[in-house]
Each structure stands twice: as structure tokens, then as C-alpha cells.
Amino acid sequence: MRTHGPVFCICALLALSTTAVKVDYTGHMVIRVSPKMEEQIKFLSDWESTSSIDFWSRAATTKTFTDIRVSPESYKHVAQILLDKKLNHKILISNLGELERQEQQEIALRRALYNGNKAIDVENYHTYEEVMAYLAELASTHPLVTTMVAGSSIEGRDIVQATISSDLSANKPIAWFDCNIHAREWITAATCVWIIDTITTGYVAYDWKFVPIANPDGYAFSWTNDRLWRKNRAVNPGSVCVGVDLNRNFPVGFGGAGSSNGPCSETFHGAAEFSEPESITLKNLIAADAGRVKTAISMHSYSQLWLSSYSCSSALPAEYPEMLRAMRAGVDALTATYGTVYDYGSTGTVLYIASGTTTDHYYKNEGVVHSYTIELRDTGLYGFELPPRLIVPTATETWNGIKAFINAI
């Protein structure tokens, strides 16, 4: 690992200047399916793991829902399959292409109006290059901040960890965060960058460590080619389909329920656990601080949930009462900020079964009891394309929740 030096970006829109043709989602919809029976839940789970259909969320119980993106050409086919299984659906988002155009217009407007003195406007979305430039500037100008290149992605991009500490020699407990492991979840990197910016003004009882963009290639690709890209950009031998779901590439329950062995699936777990340089980097980073990590949090979107282990099954950890108490403290403070409602509990019981996740690895293999996934805003109105104007309220309430949670543990 090497020290991360200054990065200079001569053009704020450099990553947008590619000549690659972007995927056009005009007419694509997101439909919401509400299963009423356990057999229907199992069908939806099996369908996700054996197909290339883009499931945005999946029901764990009859009280929750499954969101699916469908193209105009596939809608009738998907609707018929659902009808055959006696599953009702409603259209949640009628035109994803229009939603993306609105998002890009708001990003551009905020860029045009920004007149601050920082490398980036932390209230807007930014390319990989811009985020790296911001971190480099912060490290060169702020005494509390250091950065390091912890590894490289498939395509050779730096995976950078930012540390905020008032005294690196004091061996204070660590609050550790990975963000944007799923490329399309832009609100996660934006929230982490906003929190990093906020912590630099104080709150130094802990050492804070962030990997703001844990999936650099996928994130860059989501800007230049496909706004809704999820996985990394690994080439899968013998398949025309690209990418591994990095949050299914960790060892606990690897290859089990909630992941797929099909390279075309959005939840493809990869050829083996830790087959990807991005997941290896996260493994090495958290292992390097063994014994000091008080909490490890994976930032995701969307659904408004605070989730503990286990992800790979509906079993509850021995420390679950303590986890529940800590999650409750965080959620109560988060909700008290603007009234945003979050649910909380174990991933396998509240969200869905997902094998090979970061959260289970941090908990079971690294001994971090307070290992969580936070699914940020919203509950489906915008899905993965949360408008820039909602970055600050999302980040503010999340930060308030994290502070209360930290005080509770």
C-alpha cells in the first residue's frame, strides 16, 4: 500500500466526455410485486438467482415487496409470469429514462451554480475522478485527514481509504465504512463524502476510516455507460456478461441463497470467495486494524433500513439483543431529524437472505460485533436515482443516527 498523493483534475466533467454510447432507459419501468404466500417469496428469490432480470429489491416476508426493473419489450412477458404465479404488481416508476434525465439536469445546474472554495460541492453527485481529487485536496490541506491507496480495481483504478484522526498514534477505536460497493447506489458515496467533510470540523473520539468508492470501475461505468450498473467490471471467462456482485464475493455462506452462479445475474458471486481485487482490498483494510474496529458499516441504497448480521440466513447472532439496542438508538435519532421512517433488524429477517456479504464477513471473520448495513433513502419513489437535492437531508439524518449509535456502543 502506498500514500495517496495529490490528484489534479483539469476538467470537472472529464469522466463525462467519453464517446461511449450510454444505455437508454427510456420507457423502462420499475414494478412493485407484493407476495402473499411463502411459495411466492421463494419463487421470486429463485427467479432472481437464475435469471438476468434486474431485481432492485426482494421481499423477505409477506409484509415486504419486490421491485423489478423491466424494459418496454419485456413488460408483457414479465407481467404474464407474475400473473401465472398469482402475483399482483403495480408500476412504481413509469419511465426511468426521464428520471435519469432529470437527475443529470439537476447535477448540471448545481455544478453551474457552485461557487465554493472546495474541490467539489459536497451537496452534489460527482465522478470518480472528482471524488479522488477532493480527497487528495482534503489530505493536503487538513491536518486531521490522511489518505492511502489500499488497492487497485480490475481496470487499475485506485481504491482509496480516507482516515480522519486527531492522533494516529493514540490507537483510538475505529469506525469503519465502505461505500458504493454497488455502482449505481450514488447516494452512498455522496453521503460518505458529506460525512467526511463534516467530521473534519470535529468529533474525534474515534478514528474514522472511509472507503468512499469501493467499486471504482463499476461507479465510473455508471457515469459513462450505464447509470444502473451494479457489479464490478470483471470479465467472466466463457460468458459475454461482465461483472461480479462484490457484496456476494465474501466468504460467509459464499455461493448460498441470495446469490447466483450465473455471470449474467446481478447477484453473481464470482468464481470463488475473494476472487475480486476490490473485495480483497476491503478484506485487507479491515484486517489491518484487527482489534480496534468498534463498528464496520456498509452503506447501501435503497429501502431505509439499518441491518445487522446475519445476511446469509434468518438465524440471529448471539449478540443480537445488543445489536438491536444499538440499531434502535441510531434509528431513533435518524428519524427524529426529519421524520424519515427506518426499519431495523437482521438482514435475513428484515430485508432478504444474501450470502457472501461484507457485513457477515466483518462480524463473523473479523469479530466486529457492531457490523451493519445501512440502506439509505428512499423507499422506491426514485430508487437508485435519488435527486441531488436529497443528498443533504439524507446525509444529515444518517450522520445524526450514526452519532447516536456510536454513543450507544
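Below, each value reflects all heavy atoms present in this structure, side chains not excepted, and no hydrogens, waters or symmetry copies. Sequential numbering from 1 along the given sequence is applied to the chain's residues.
- With His182 as the fixed residue, the side-chain hydrogen bond (donor to acceptor under 3.5 Å, both in side chains) test singles out one of Thr188, Asn232, Asn247, Asp245: Asp245.
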Please assess His300 against Leu305 for the test side-chain contact (heavy atoms from CB on, under 4.5 Å), listing each intermediate value before the final yes or no. CA-CA 9 Å; His300 286 263; Leu305 301 169; over 6 Å; no
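- Partner of Leu96 under the side chain to side chain contact (heavy atoms under 4.5 Å, CB included) criterion, chosen from Val70, Leu228, Asp24: Leu228.
- In this structure, Leu381 CG and Leu386 CG are separated by 9.0 Å, a value rounded to the nearest 0.5 Å.
- In terms of modelled atom types and a separation under 3.5 Å, the side chain of Asp378 and the main chain of Gly383 share a donor-acceptor contact.
- Shown here is Asn88, whose CG atom has no more than 12 heavy atoms of other residues, nucleotides or ligands within 6.0 Å.
- Checked against the 6.0 Å centroid threshold, Trp229 and Tyr219 do not count as a close aromatic pair.
- To the nearest 0.5 Å, the span separating CD on Glu185 from CG on Asn215 amounts to 10.0 Å.
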Stepwise ring-ring contact (aromatic ring centres under 6.0 Å, His included) test for Phe55 and Trp47: CA-CA 9 Å; Phe55 281 70; Trp47 194 15; 5.8 Å; yes
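- Side-chain contact annotation: Thr26 with Arg101, donor-acceptor N/O pair under 3.5 Å present.
- Summarising the local packing, NE2 of His142 is surrounded by more than 12 heavy atoms from other residues, nucleotides or ligands at distances under 6.0 Å.
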Hey, mind stepping through Arg184 and Asp226 against salt bridge (charged side-chain N to carboxylate O under 4.0 Å, His left out) and telling me if it holds? CA-CA 9 Å; Arg184 61 192 176 189; Asp226 184 349; over 6 Å; no
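- A salt bridge links Arg292 and Asp207; the closest N-O separation between the charged side-chain nitrogens and carboxylate oxygens is under 4.0 Å.
- Lys118 forms no cation-pi arrangement with Tyr134, by the criterion of a distance under 6.0 Å to the ring centre and an angle within 45° of the ring axis.
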Test side-chain contact (heavy atoms from CB on, under 4.5 Å) applied to Glu103 and Ile107, step by step: CA-CA 6 Å; Glu103 178 187 58; Ile107 291 171; 4.0 Å; yes
Take Asp343 and Leu307, measure what side-chain contact (heavy atoms from CB on, under 4.5 Å) needs, and give me the verdict at the end. CA-CA 8 Å; Asp343 197 2; Leu307 304 167; over 6 Å; no
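- Residues satisfying the ring-ring contact (aromatic ring centres under 6.0 Å, His included) criterion with Phe384, sequence neighbours excluded, are Trp56, Tyr302.
- Ring-centre distance between Tyr372 and Tyr363: not below the 6.0 Å cut-off.
- In this structure, the side chain of Asp360 engages the main chain of Cys312 through a donor-acceptor pair within 3.5 Å.
- For an aromatic pair to be called close, the ring centres must be under 6.0 Å apart, and Trp223 with Trp186 satisfies this.
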List the steps and the verdict of side-chain contact (heavy atoms from CB on, under 4.5 Å) for Leu282 and Phe274. CA-CA 10 Å; Leu282 296 183; Phe274 293 131; over 6 Å; no
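- Of the possible donor and acceptor atoms, one in the side chain of Gln40 sits under 3.5 Å from a partner among the backbone N and O of Met37.
- How far NZ of Lys294 is from CD1 of Ile174: 12.5 Å, rounded to the nearest 0.5 Å.
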For side-chain hydrogen bond (donor to acceptor under 3.5 Å, both in side chains), just list the numbers for Thr358 and Ser298, CA-CA rounded to whole Å, side-chain angles, deciding distance to a tenth of an Å, and then say yes or no. CA-CA 7 Å; Thr358 56; Ser298 293; 2.7 Å; yes
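- For the pair Asn249 (side chain) and Ala272 (backbone), a donor-acceptor distance under 3.5 Å is present.
- In this structure, Lys85 does not pair ionically with Glu39, as no charged nitrogen and carboxylate oxygen lie closer than 4.0 Å.
- Judged by the 6.0 Å distance and 45° axis criteria, Arg328 is not positioned over the aromatic ring of Tyr344.
- The backbone N or O of Thr267 sits nowhere less than 3.5 Å from a side-chain atom of Ser259 that would complete a donor-acceptor pair.
- Under a cutoff of 6.0 Å and an axis angle of 45°, Lys172 and Tyr206 do not form a cation-pi pair.
- The number of heavy atoms from other shown groups lying within 6.0 Å of NZ (Lys403) is above 12.
- A salt bridge links Glu48 and Arg58; the closest N-O separation between the charged side-chain nitrogens and carboxylate oxygens is under 4.0 Å.
- A donor-acceptor pair under 3.5 Å links the side-chain atoms of Arg248 to the main chain of Gly258, judged by distance alone.
- If you run side-chain hydrogen bond (donor to acceptor under 3.5 Å, both in side chains) between Asp217 and each of Lys231, Arg157, Arg233, only Arg157 comes through.
- For the pair Ser260 (side chain) and Ser49 (backbone), a donor-acceptor distance under 3.5 Å is present.
- Aromatic ring centres of Trp306 and Tyr342: separated by at least 6.0 Å.
- Aromatic ring pairs are classed by plane angle as parallel below 30°, tilted from 30° to 60° and perpendicular above 60°; the pair Trp208 and Phe177 is parallel.
- Atom NE2 of His89 is separated from atom OG of Ser34 by 11.0 Å, given to the nearest 0.5 angstrom.
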